[in-house]
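Beneath this line is the structure, given in structure tokens, with notes to follow.
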Amino acid sequence: MALHLYDTATRSTRAFVPLVPGEVSMYLCGATVQGRPHVGHLRAGLVFDVLTRWLRASGLRVTLCRNVTDIDDKILARAIEEGRPWWAVAAHYERAFTDAYTALGVLPPTIEPRATGHVTQMVQLMQRLIERGHAYAVDGDVYFDVRSFADYGALSGQRPDDMEPAADSEFTSRKHDPRDFALWKGSKPGEPSWPTPWGDGRPGWHLECSAMATAYLGSTFDIHGGGLDLRFPHHENELAQSRAAGDGFAQYWLHNAWVTQAGEKMSKSLGNTMVVDEVLQRVRGIELRWYLVSAHYRSNIEFSDDALAEAGAAFRRIEHFVLRASERVGADAVGDVPTAFAAALDDDLGTPAAVAVLHGLVTEGNALLAKGAAMDADAVRALLGGVRAGLAVLGCDPLAEPWSRQGGEAAEYHAAVDALVRAELAERQRARAERDFATADAIRARLADAGIQIEDTTDGPRWSLAREAE
RNA sequence: GGUGGAGUGGCCGAGAGGCGAGGCAAGGGACUGCAAAUCCCUCUACACGGGUUCAAAUCCCGUCUCCACCUCCA
């Protein structure tokens, strides 16, 4: 089965057919850089990272555009709060997001455009909308005329007449209709502004994505992604303004579900502590990634430390196999993804089923490894290759970048520790051979105190860092 | 008021008319000097009430509970 994706616009799972054969253009709504990234923020980046990896593994060339919203009301508010310029705030948190993406192994997008760098494109888009009668300027603001666009509400399944009247503060009186949304906000004293034919001002929230998506991906492109909450109003408005301007815009709309905590949504306004930096004090990045990636992207994740620890344990089982097997048959054995794994991902990115496939392979592989010298090395190599190929698509291959620690100083430390531990293990083996188990166990306990765990395999002892959940 | 989701075993978490995903935990067995790791076996499910069907966790009707969106959100 070829790739099928659930398209929010049609509320159905559709076969994915790219506009240009062999190529995929994808736009993802990225961060509004006004605070420290938390686990919820990262989910969209992670989900679409897996999709990108899967598309590439399927032989497609992917252009991924993930924007940075570096000007908006909250950034301005934050700047006042922190007592520094808005651009310093935006730059600071943009770096924090970049660090968080990197810590979770999210591949960098093809392009990461900032809103403030694309005012020209926004002005052009507004001009087109005004010419076509879909937008109007009032006192330096520019609004989209919702009534002028018949399909408004189609993406999110809303009908304008059923919507709650917008309690939209100060702008309401200037709008032709309360549901009209701001494309451009006229400048107020002390706020940053850019010049336009309608006066100085700054971008409204929705305009930037339409302007940047079409600037980099063309007037019509394949996939537009983001969190479920963005469906309305953000994506509805993007779609309206772009289609009204004559662009085809996105062909598929994908939305990931939320990360919640104790039933509460982890939004910026709740100010909870699931900040990525803090979670990474407790678990490795690869384990956090596994936790977030092994759930289906359209299912809610109720974040808890217990669930995170369980996911970590499940991942370690797979990781353990990969490490042990590669020690036996070599670390260069990356194969093709197993057929069942491919089928799972082709079915709307069914990562849970894909993960189950990997667990099955690991069980098989462990059984082979348990045979020791009598094992079928080719069979192990084949299983290892399949497991690693699958892990690579999920971004969780422990032997691949960025998780492998084979290079640089870390490798030198590893070699040094390895030499010391091997000496200890040799001593322990000698004691065991002499049935001096008190000494043997004392050595094992000493290593355990140092955070090193021992396994007695058919090929002799093997050591690794202990990674029990705390 | 409008729109859309969800309720699965001790826990996490899939599936979407028949043949119980997977993991974690638990119990038993194998292996081990003892462990650890690993393998094998076992146990516990589909919110509630009706209905359709040879067959319902899955479809339909109703009820309850929870959640999301309706111009700040990933």
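A note on names: the letters A, B, ... follow the listed sequences, proteins ahead of strands, and every chain is numbered from 1. The basis for the numbers below is simple: all heavy atoms, side chains too, and nothing from hydrogens, waters or symmetry mates.
The aromatic rings of A:Tyr136 and A:Tyr143 lie tilted to each other, with the angle between the two planes from 30° to 60°.
A:Phe315 comes within contact range of no nucleotide atom at all, as no heavy-atom separation falls under 4.0 Å. Contacts of A:Ala314 with the nucleic acid, taken as non-hydrogen atoms under 4.0 Å apart, involve only primed sugar atoms and P, OP1 or OP2. If you check every strand for non-hydrogen atoms under 4.0 Å, A:Gly45 touches nothing.
We find that CZ of A:Arg147 is positioned 15 Å from C1' of B:U71, with the value rounded to whole Å. Between A:Leu361 atom CG and B:G22 atom C1' the separation is 12 Å, expressed in whole Å.
Listed by chain and residue number, nothing satisfies the ring pair (Phe, Tyr, Trp, His ring centres under 6.0 Å) test with A:Trp184 (two or more places apart in sequence, or in another chain). Partners of A:Trp463 according to the ring pair (Phe, Tyr, Trp, His ring centres under 6.0 Å) rule, which considers only residues two or more places apart in sequence or in another chain, are A:His414.
In the interface, the side chain of A:Tyr152 is paired with the base of B:U71 through a donor and an acceptor atom under 3.5 Å apart.
When each of A:Ala313 and A:Gly225 is assigned the nucleotide of RNA chain B bearing its nearest heavy atom, the one mapping closer to the 5' terminus is A:Ala313.
Within the structure, the side-chain hydrogen bond (donor to acceptor under 3.5 Å, both in side chains) test picks out the following pairs touching residues 378-396 of chain A (sequence neighbours left out): A:Asp378-A:Arg381, A:Arg388-A:Asp397.
Cation-pi geometry between A:Arg66 and A:Phe48 is not satisfied (NZ or CZ under 6.0 Å from the ring centre, within 45° of the ring normal).
Residues A:Asp99 and A:Arg95 are not paired through a salt bridge, judged by the lack of any N-O separation under 4.0 Å between the basic side chain and the carboxylate.
In the model, A:Asn366 has no side-chain atom that pairs as donor or acceptor with a side-chain atom of A:Arg317 under 3.5 Å.
Under the 3.5 Å distance criterion, the side-chain polar atoms of A:Arg231 are left unmatched by any main-chain donor or acceptor of A:Leu155.
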Quick tally for nucleotides 3-19 of chain B: nucleotides whose base has a protein heavy atom under 4.0 Å get B, sugar-phosphate-only ones S, the rest -, giving S-------BSSS-----

For nucleotides 30-40 of chain B, 5' to 3', base contacts (B), sugar-phosphate-only contacts (S) and non-contacts (-) with protein non-hydrogen atoms under 4.0 Å give ---BBBBSSSS

Intra- and interstrand pairs of RNA chain B - dot-bracket, Watson-Crick/G-U under 3.5 Å, | marks other strand: (((((((..(((.....[...))).(((((.......)))))....(((((..]....))))))))))))....

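Nearest to the side-chain atoms of A:Trp258 among the listed nucleotides B:C72, B:A68, B:U71 stands B:A68.
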